[in-house]
Amino acid sequence: MVAADTSASQFIPVIPQQEHERRTRRKVSPDSDLWDLLDVVHDPEIPALSLWDLGVLQNVERRDGTVVVTMTPTYSGCPAVRVMAEDVETALMNAGFESVLVEVRLSPAWTTDWLSAAARDQLKGYGIAPPGETAQEDVLCPLCSSAETRLISEFGSTACKALYKCNSCLEPFDYFKSI
Amino acid sequence: MSIDRNLIKDYAIRLGDDSVVLGHRLSEWCRNGPFLEEDLALTNVALDYIGRARMFYCYAAQLADDGSTEDSYAYLRDCRDYRNLLIYELPRGDFAFTMARQYLADEYNLAFTEALVGSADETLAAIADKAVKEGRYHLRRSLDWMLRLGDGTEESHDRLQRAVDDLWGYTAEFFAMDQLDQQMSDAGIGVDVAGLEAGWRERVSATLMDATLDVPKADWSVTGGREGIHTESLGHMLSDMQFMQRAYPGLKW
């Protein structure tokens with residue numbers, strides 16, 4: 001739950017606790033320049049999303065002259081994690097930071113709940129059906145918004161996606177799996 | 001109760017061995033899948049397992065603190081040092097065999113990792129937390145294939161039944177507790193695998209019946225993986241998997 005106004009009894013939680021904490025970390029961080037710098041680093045396999053949008057970027061801070069970046073990988077075997085770490089290092093080094101350390105944190109495990117509404121829109125605009133709020137929702141075609149879609153394969157071009165086909169416009173598309 | 005970190009290291013290594021061996025067997029399907037989507041699925045599941053192996057090995061290396069690395073565990077140990085369950089090392093066989101093994105393993109691994117999430121060891125719990133989410137997808141797919149192949153054509157049904165029969169005696173090892181399992185379980189770090197058996201049998205039997213398959217009789221079983229006593233298949237597999245590091249020691253990408 002988001003830290004809520006306790007007087008509001010009708011409060012509806014919209015952001016998971018951990019995501020709220022992540023956003024707060026960025027908001028109150030004394031190193032906001034570093035966070036902003038890393039906004040240019042995008043997922044190499046889904047260039048529509050930055051590491052921040054994706055929820056992979058968990059923390060950035062200066063520690064004894066070193067910039068320490070904490071990331072939480074999407075999937076155990078996601079080959080993009082290594083590229084992401086390299087891209088983070090490159091972005092910071094290009095900005096003049098010579099000592100950069102990328103730390104991987106597994107817990108709490110990454111979840112699609114951390115994708116913001118804006119990130120979901122970006123995915124849709126890119127042609128990938130965004131994950132729903134629950135595991136068994138209707139998958140809407142990102143092209144024509146039809147709910148008449150069917151699963152072709154539980155696994156798609158990357159670990160985080162499944163393959164679907166739209167029965168209305170007949171186009172195949174990727175679905176970002178809800179985990 | 002404090003526990004020797006060396007024991008936790010051994011436990012992490014055996015879980016890493018399970019993951020890397022099954023992951024490698026799945027990866028052998030790369031470009032050999034029956035069709036493109038299935039090729040992608042098999043290799044994606046392989047990636048999840050290899051990723052899991054890396055996490056377990058990295059943690060073991062950290063506990064060992066003797067210069068071991070994830071790579072030295074995977075590439076520089078011989079058969080007798082591997083502690084994986086035997087079912088994972090069996091050759092991939094035909095697609096029915098691969099999917100039958102995957103289904104039996106997915107049912108087991110999901111239950112195992114769900115239990116490991118409650119581990120008193122934070123790192124093991126974190127790895128398990130990640131694995132549970134992936135495991136649900138793995139199981140959804142392998143369960144679907146059991147039904148499609150079992151309740152499919154005469155050919156697919158017969159091949160799947162044969163695969164289940166051939167694998168059945170290896171499943172007893174899932175639930176065999178050795179001393180390390182017992183110590184880990186007592187310390188609240190590891191999983192009481194014997195306790196997973198009843199639920200597993202119930203779910204698997206229900207699936208086999210739905211798939212119009214017979215539940216095999218439990219009249220034979222093989223164990224030994226946890227002691228490093230393997231089938232002949234593991235040596236062949238490692239000679240392929242470890243070739244590069246054996247022929248060109250220290251080679252890097």
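Chain naming here is simple, since letters A, B, ... match the order of the sequence lines and numbering starts at 1 in each.
- At most 12 heavy atoms of other shown residues, nucleotides or ligands fall within 6.0 angstrom of atom OH in B:Tyr248.
- Applying the 6.0 Å contact sphere to CZ of B:Arg83 captures more than 12 heavy atoms from other residues, nucleotides or ligands.
- In this structure, chain B has no heavy atom under 4.5 Å from any part of A:Thr72.
- Contact between A:Leu163 and B:Glu37 at its shortest, heavy atoms only, is CD1-CG, 3.6 Å.
- Within 6.0 Å of CZ in B:Arg159 there are 12 or fewer heavy atoms belonging to other residues, nucleotides or ligands.
- Using a 4.5 Å heavy-atom threshold, the side chains of B:Glu134 and A:Ser76 count as touching.
- Side-chain atoms of A:Phe155 and B:His138, non-hydrogen and from C-beta on, do get closer than 4.5 Å to each other.
- Proximity of A:Tyr75 to B:Leu47: side-chain heavy atoms (C-beta onward) are nowhere separated by under 4.5 Å.
- By the 6.0 Å contact criterion, CZ on A:Arg82 is open, its count of non-hydrogen atoms from other residues, nucleotides or ligands being 12 or less.
- Counting only heavy atoms from C-beta outward, the side chains of A:Leu106 and B:Ile127 approach each other to under 4.5 Å.
- In B:Met244, the CE atom is not crowded: 12 or fewer heavy atoms of neighbouring residues, nucleotides or ligands sit closer than 6.0 Å.
- Under a 3.5 Å cut-off, the side chain of B:Lys130 and the backbone N or O of A:Pro108 do not form any donor-acceptor pair.
- Contact of A:Thr158 with chain B is made through the backbone alone, with heavy-atom distances under 4.5 Å.
- Residue A:Ser107 holds its OG atom at 12.0 Å from CG of B:Leu124, rounded to the nearest 0.5 Å.
- Taking the side chain as every heavy atom from C-beta outward, A:Trp110 and B:Lys133 never approach each other to under 4.5 Å.
- Within 6.0 Å of CZ in A:Phe97 there are more than 12 heavy atoms belonging to other residues, nucleotides or ligands.
- The closest side-chain donor-acceptor pair between A:Ser153 and B:Glu38, if any, does not fall under 3.5 angstrom.
- In this structure, the separation between CD on A:Glu154 and CG on B:Leu40 is 13.0 Å, given to the nearest 0.5 Å.
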